[in-house]
Amino acid sequence: MLQEKSTETARVNARKTDVFDVFNFKHYMGPNPYLDTAALVFDLALTGASEPLPIAHYQEIIGHRYPQLLHETFSNHAQLFGRTASEVAKLDMGLHFHNWNIQAFSQFNRISIEALHARTARSVVYAVWDWFEAINQNQDFPLEAQIGALQNMFRQSVYGGPTVYSLMRAASQKGIPVFYLWDEGLMQYGYGKKLVRGSATTFDSDSHLDSDFTTRKDDCKAFLATLGFPVPKGDIVSTENGALTVARDIGYPVAVKPVVGHKGIGVTADIRDAEELQAAFKRSVKAIPETESVRVIVENSIKGSDFRLLCVDGKFVSATERRPAWVTGDGDSTVRELIRRENRKPERLDTPTSALSKIQSDEAMEMYLAEQGLSLDSVLERDRIVYLRKVANLSAGGVSIDATHTIHPDNIVLAQDIALHFRLTCLGVDVITETLAKSWKTGNFGILEINAAPGIFMHLNPAVGEGVDVPSHIIETFFDSGKSARIPIITFNRISVHDLQETIDHILLQHPDWTIGAVCRGGLFVNRSEKVLHKNYNLNVQSLLRNPKLDLLIAEYPANILEAEGMFYGGSNMVVLDNPGETEMMLIRESTDHDTVVVREGNSISLRRQGLIEQYTLGDDEPFTRVYLKEIGTVL
């Protein structure tokens, strides 16, 4: 419990009128003495400036925003603070943070909340602290604005992209290790020789040649045509006059898009005359990176809706229709006011995990309104629906609609036939047609482009319809289970360099072709070859688990490292504890009946294997190494 009022309480971060003080922040990237997950740990104490209000008073106010807390019981302020921080940390985005813990000390409480991004988590705690202090002062607190700022902070982190986050969450829920490789800018799934590395939906098993080929939209289009697939007629140009010539040859309406592009930026469809084409060409050029030459596609614009067909490992898994943003008139409001009203809808959260983004107003929107004889100041008659763009750009407020269960079998075969020509884990096929329920063979069906790194969140969380768990399909392409993503791990709380090398030799005698990574406070080894030991201990562990040849890991985790850094990984096939302290006992927290645990207390040995416990006493001259070396064979 929080210590009662004390004149000896030293302020650390508290302001003059604060009732609570929050200090000693520590972020752990993995299991630690307080939680089995990555966590932010901090201390909470009373300042003694004044007495805190009754717990029920804070709970009632907080419960207006988080009603689930009204049905829970809290025995002290620290418990309510920790629980509130854990809930706020989800950021109204459904983040998978559910674990939290309180540990009482004489002068303070140590609170632990599950966390991924240290900066965001720390800002969450500061926001909750300010909220509690506002309650103390009977003041309103701008929680919604705080949540918005925190969402933006998380979004800007490496974990904030919807594709990366959804893949990370899917892997974590399946027990598959996943972590970010900061120097490489990649996610890693699994350990050692089981690992897979990737950036969003692109993975190291993908062919970089095939991936590059999909970005050469002209060549890719020609390739699809040779396979007999329906692609619009057109050509690539580098000048405005060239665009006008192509459009004149193939006939209006046409579509224009940059050869190098993404997310629909610089794309304009249903262009009906030269004036529109000149403006669209300029938008496409503007969307081309400065490092790329000007190359713009001009092709027939097919009437219909925009669909994304997604294949994973060559198999069709999902189809999503993408519609441009629209507003519906009420007879009184202008288009501008209708957009503002639409953007205030709670479903348009504009966060990495929201199904709808806010509608973006720009030149392309105003031009399309002008084509319809409208402007942002036009008042729409009641029930009139006006689309705001020609292109269904979801990031600009477009609407995603699940179409997986309506697709014609011929269109599934089409998507799979395309995907099977590429060595790519994920492939998106963008098509335009009036409906996916009709076969592509009936006509009015065009393949717009294929994408080697398709976003997946619109399939997982469409604005309309049921989502498809695409992240699980992707993760299951590589791993059958959490076990299939791991290599054997042996963890010690205490081992010397000499004993570590002896252990490596013992294993290599049984498995001479193996690559063994080992680290202790005294050294870092790959087999018997010593490597440079980094001062950040967990970076040594990461470098070993990053090795795609690694068959087994041996790591020492003594109390001082557990307290300072936590563990990089969770779970061990074998845990060897030599006279462990209280903190070091956490090393067996996640062990199962299938794991081996050897504990030495003085000369007493406790051995757990396959759910059975054996106890005996070491002989006077019997080395401890003899005990665990004998057991290693049963693990491997």
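Keep in mind it's a predicted model, so treat the numbers as computed, not measured.
- Side-chain contact between Asp402 and Val464 is absent, with no heavy atoms from C-beta onward closer than 4.5 Å.
- Not counting sequence neighbours, the partners of Lys90 by the side-chain contact (heavy atoms from CB on, under 4.5 Å) test are Glu87, His98.
- At distances below 3.5 Å, at least one donor-acceptor pair connects side-chain atoms of Thr334 with backbone N or O atoms of Glu337.
- Looking at Gln372, its side chain does come within 3.5 Å of a backbone N or O of Tyr387 through a donor-acceptor pair.
- Here the side chains of Arg344 and Arg341 are in contact, with some heavy-atom distance below 4.5 Å.
- Using a 4.5 Å heavy-atom cutoff, the side chains of Trp326 and Val399 are in contact.
- With hydrogens and angles disregarded, no donor-acceptor distance shorter than 3.5 Å links the side chain of Glu342 to the backbone of Ala325.
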Test ring pair (Phe, Tyr, Trp, His ring centres under 6.0 Å) applied to His96 and Tyr165, step by step: CA-CA 10 Å; His96 65 289; Tyr165 176 75; 5.5 Å; yes
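- Between Ile401 and Pro462, the closest side-chain pair of non-hydrogen atoms is not below 4.5 Å.
- Exactly one residue among Asp362, Leu369, Thr268, Ile359 makes a side chain to side chain contact (heavy atoms under 4.5 Å, CB included) with Arg389. That residue is Asp362.
- Distance alone, capped at 3.5 Å, places no donor-acceptor pair between the Thr328 side chain and the Ile385 backbone.
- In this structure a side-chain-to-backbone donor-acceptor pair under 3.5 Å is present from Asn411 to Trp440.
- The pair Arg382-Asp330 does not meet the salt-bridge criterion, since no charged nitrogen lies less than 4.0 angstrom from a carboxylate oxygen.
- In this structure a side-chain-to-backbone donor-acceptor pair under 3.5 Å is present from Gln151 to Leu91.
- Judged by distance alone, with hydrogens and angles left aside, the side-chain atoms of Ser400 form no donor-acceptor pair with the main-chain N or O of Arg322 at under 3.5 Å.
- To the nearest 0.5 Å, atoms CD1 (Ile407) and CG (Leu309) are separated by 4.5 Å.
- The only option from Val296, Val237, Leu277, Ile297 that meets the side chain to side chain contact (heavy atoms under 4.5 Å, CB included) definition with Val246 turns out to be Val237.
- Contact check on Glu476 versus Lys174 returns a salt bridge, with a Lys/Arg side-chain nitrogen under 4.0 Å from an Asp/Glu carboxylate oxygen.
- Counting only N and O atoms by type, the side chains of Asp430 and Asn451 include a donor and acceptor under 3.5 Å apart.
- With sequence neighbours excluded, the residues satisfying side-chain contact (heavy atoms from CB on, under 4.5 Å) with Ala452 are Ser211, Thr214, Leu424.
- For residues 289-300, the set of pairs meeting the side-chain hydrogen bond (donor to acceptor under 3.5 Å, both in side chains) definition, not counting sequence neighbours, comprises Asp218-Arg295, Lys221-Glu299, Lys257-Glu299.
- Side-chain contact between Arg486 and Pro177: present, with at least one pair of heavy atoms (C-beta onward) separated by less than 4.5 Å.
- Residues Arg272 and Asp270 have side chains in contact (heavy-atom distance under 4.5 Å, counting atoms from C-beta outward).
- Looking at Asp377 and Ser375, their side chains never bring a donor and an acceptor atom within 3.5 Å of each other.
- No donor-acceptor pair under 3.5 Å is formed between the side chain of Gln416 and the backbone N or O of Leu414.
- Within the 4.5 Å cutoff, side-chain heavy atoms of Tyr191 are placed close to those of Phe179.
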